[in-house]
Number of protein chains: 2
Amino acid sequence: MADIKTPANPLFLREDDLRQGIELLFFAYRDFTAKADQTLAQYGFGRAHHRVIYFVGRNPGMTVSDLLDILKITKQSLSRVLGQLVRQGFIIQRPGTIDRRQRLLSLTELGADLERKLTEEQRALVARAYKAAGAEAVDGFRKVALGMINDTDRSRFRPTTR
Amino acid sequence: MADIKTPANPLFLREDDLRQGIELLFFAYRDFTAKADQTLAQYGFGRAHHRVIYFVGRNPGMTVSDLLDILKITKQSLSRVLGQLVRQGFIIQRPGTIDRRQRLLSLTELGADLERKLTEEQRALVARAYKAAGAEAVDGFRKVALGMINDTDRSRFRPTTR
DNA sequence: TTTTTATGTCAGCCATGTTGACTTATTTTT
DNA sequence: AAAAATAAGTCAACATGGCTGACATAAAAA
């Protein structure tokens with residue numbers, strides 16, 4: 001009685017619920033990026049710069065190819081923002097030691113400062129939402145979000161076991 | 001023993017967890033939009049067109065101002081894509097009956113067809129993620145996502161009570 | 001030695017955001 | 001009735017950040 005199998009089309013998969021899911025993503029992402037965008041504008045940077053700074057900060061010593069795989073944009077598009085960040089001293093490139101064709105990317109002090117500033121804002125937003133929702137809801141959020149991510153990138157995240 | 005209050009800084013608010021939350025949003029949104037973008041390209045449309053088609057489909061008879069409030073872009077930006085959609089017969093405008101300055105927006109048959117096609121893809125993605133995560137996780141996802149949305153737009157969603 | 005790979009560059013195109021100035025029709029306020 | 005405010009639209013110019021295509025260089029791999 002307690003363990004009735006969920007039917008093929010359970011209640012939470014009604015059209016309206018799925019639409020709501022779509023809208024939640026739209027509004028959440030819109031507001032999630034809004035604040036950082038303002039900060040970036042003060043530096044003359046855009047969202048693309050933020051992504052680069054973020055992921056390089058998260059994976060110091062990563063290669064340009066690594067970054068391209070994550071961002072899923074062309075190297076020409078990346079080159080534009082990456083070049084600016086390097087020239088303005090937010091990111092340094094050094095040749096790979098094993099493979100000297102590679103350019104290993106990391107943040108400078110300046111870059112790390114900006115990264116902290118930007119990420120701090122977003123962390124605060126996530127923290128507020130997490131706190132308000134509670135630990136259990138956070139687990140649910142993780143599961144659902146992971147399910148929307150393609151298999152390759154899903155494996156970037158540590159297994160759901162906490 | 002079972003009802004220990006969560007401390008001021010519970011485990012799921014550790015820096016790494018918050019970063020993970022940030023990344024989940026980034027990857028989920030990236031993959032969430034990828035498929036529809038491909039379909040749109042076949043029509044010579046972009047993501048901006050999709051948003052307009054989506055929200056007009058969702059709120060038939062909405063005004064231009066309503067749409068601007070949701071999208072949070074300028075009327076000049078909206079005008080570009082809205083104009084194309086109207087001229088190409090995806091959306092019709094009719095003057096408001098109470099306030100004749102308003103232009104009430106709705107989808108034509110053609111627009112509704114495209115809306116269904118686009119939304120169907122995203123609904124399938126959300127459905128897959130929801131199904132894999134389970135009803136409880138979906139509730140958690142909703143709570144967290146709602147917490148990231150500003151107060152005004154949060155009230156667009158029906159109360160969390162199911 | 002040849003081929004492939006990692007990275008970078010130049011040039012140009014497109015979509016979509018912005019600001020600012022101005023118009024028209026209609027409603028609201030005075 | 002006149003004046004002000006509002007809903008919508010328009011023109012022009014500019015910035016960001018995607019894209020394609022072609023080509024270059026250095027280093028690694030075959």
Side-chain angles (χ1 to χ4, degrees), chain A residues 26 29-30 33-34 36-56 61-88 91-106, chain B residues 26 29-30 33-34 36-56 61-88 91-106:
Chain A
F26 168 75
Y29 195 78
R30 188 199 61 181
T33 50
D37 285 351
Q38 285 183 298
T39 306
L40 285 158
Q42 295 168 7
Y43 289 76
F45 291 150
R47 207 175 284 182
H49 300 87
H50 188 183
R51 293 184 187 131
V52 171
I53 288 177
Y54 178 84
F55 284 108
V56 170
M62 78 191 305
T63 67
V64 173
S65 296
D66 292 340
L67 193 48
L68 286 173
D69 283 344
I70 288 180
L71 299 177
K72 294 235 175 93
I73 58 175
T74 60
K75 67 175 173 178
Q76 294 93 326
S77 294
L78 173 57
S79 165
R80 192 158 37 202
V81 288
L82 183 56
Q84 290 174 38
L85 290 169
V86 169
R87 282 193 299 277
Q88 297 182 36
I91 284 184
I92 45 164
Q93 299 172 302
R94 44 173 222 286
T97 44
I98 305 160
D99 184 336
R100 285 178 340 215
R101 289 171 303 181
Q102 296 177 332
R103 296 285 170 272
L104 307 186
L105 307 172
S106 28
Chain B
F26 168 75
Y29 195 77
R30 189 199 61 180
T33 50
D37 285 350
Q38 285 184 298
T39 305
L40 286 158
Q42 295 168 6
Y43 289 76
F45 292 150
R47 208 175 284 181
H49 300 86
H50 188 184
R51 292 183 189 130
V52 171
I53 287 177
Y54 178 84
F55 284 108
V56 171
M62 77 191 306
T63 67
V64 172
S65 295
D66 292 340
L67 193 47
L68 286 172
D69 284 343
I70 288 180
L71 299 178
K72 295 235 177 91
I73 59 175
T74 59
K75 67 175 172 178
Q76 294 92 327
S77 294
L78 174 58
S79 164
R80 193 157 34 200
V81 288
L82 183 54
Q84 290 174 37
L85 290 169
V86 169
R87 282 193 300 277
Q88 297 181 37
I91 285 183
I92 45 165
Q93 299 173 302
R94 44 174 221 284
T97 44
I98 306 159
D99 185 337
R100 283 179 340 214
R101 290 171 304 180
Q102 297 177 332
R103 296 286 172 270
L104 308 185
L105 306 173
S106 27

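Just so we're on the same page: letters track the sequence lines, and every chain starts at 1. Because the structure is predicted, anything quoted here is derived from the model rather than measured.
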Would you please classify the geometry between the His50(A) ring and the Tyr54(A) ring as parallel, tilted or perpendicular, with 30° and 60° separating the classes?
perpendicular
Counting just side-chain N and O atoms, does His49(B) come under 4.0 Å of either OP1 or OP2 of dT16(C)?
yes
Does OP1 or OP2 of dG9(D) have a side-chain N or O of Ser79(B) closer than 4.0 Å?
no
Applying a 4.0 Å non-hydrogen cut-off, can you work out what Leu68(B) is touching in the nucleic acid: base, sugar-phosphate, or nothing?
nothing
Ignoring hydrogens and angles, tell me if any N or O in the side chain of Arg30(A) forms a donor-acceptor pair with the backbone of Ile70(B) under 3.5 Å.
yes
Rounded to whole Å, how long is the line connecting atom CG of Asp37(A) with atom C1' of dT16(C)?
14 Å
What I want to check is whether an N or O donor and acceptor connect the side chain of Arg101(A) with the base of dT5(C) at under 3.5 Å.
yes
Measure the spacing between OG1 of Thr33(B) and CD of Gln38(B) and express it to the nearest 0.5 Å.
10.5 Å
Atom NZ of Lys75(B) to atom P of dA21(C): distance rounded to whole Å?
13 Å
Could a donor-acceptor pair under 3.5 angstrom be found where the side chain of Arg80(B) meets the base of dG17(C)?
yes
Would you say a side-chain N or O of Arg100(B) is under 4.0 Å from OP1 or OP2 of dT6(D)?
no
If I take atom CD1 in residue Ile98(A) and atom P in nucleotide dT5(C), what distance separates them, rounded to the nearest angstrom?
19 Å
OP1, OP2 of dC19(D) versus side-chain N and O of Ser77(A): anything below 4.0 Å?
yes
With a 4.0 Å cut-off on heavy atoms, is Leu78(A) in touch with a base, just the backbone sugar-phosphate, or nothing at all?
nothing
Over how many whole Å does the gap from Leu104(B) atom CG to dA8(D) atom P extend?
8 Å
Take atom CD of Gln84(A) and atom C1' of dG8(C), then tell me their distance rounded to the nearest Å.
15 Å
With heavy atoms under 4.0 Å as the rule, sort Gln93(B) into base, sugar-phosphate or nothing.
sugar-phosphate
Scan Ser65(B) against the nucleic acid and name what it touches under 4.0 Å (heavy atoms): base, sugar-phosphate only, or nothing.
sugar-phosphate
Taking every non-hydrogen atom, the tightest pair across Val81(A) and Ala48(A):
CG1-CB, 3.8 Å
Report yes or no: does Asp37(B) contribute a side-chain atom to a donor-acceptor pair with the main-chain N or O of Ala34(B) at less than 3.5 Å?
no
Among dG17(D), dG17(C), dG18(D), the nucleotide that comes nearest once only the side chain of Arg51(B) is considered:
dG17(C)
Please give, in whole Å, the distance from dA7(D) P to Leu67(B) CG?
15 Å
Which sits closer to the 5' end of DNA chain D, Thr97(A) or Gln102(B), going by the nucleotide each is nearest to?
Gln102(B)
Heavy-atom closest contact (Leu78(B) atom, Leu68(B) atom, distance)
CD2-CD2, 3.5 Å
Looking only at side-chain atoms of Val64(A), point me to the closest of dG8(C), dT16(C), dT26(C).
dG8(C)
Once you round it to whole Å, what is the distance between P of dC14(C) and CD1 of Ile73(A)?
20 Å
Starting from P on dA6(C), measure out to CG on Leu82(A) and report it in whole angstrom.
17 Å
Spell out yes or no: do the side chain of Gln76(A) and the base of dG12(C) have one donor N/O and one acceptor N/O closer than 3.5 Å?
no
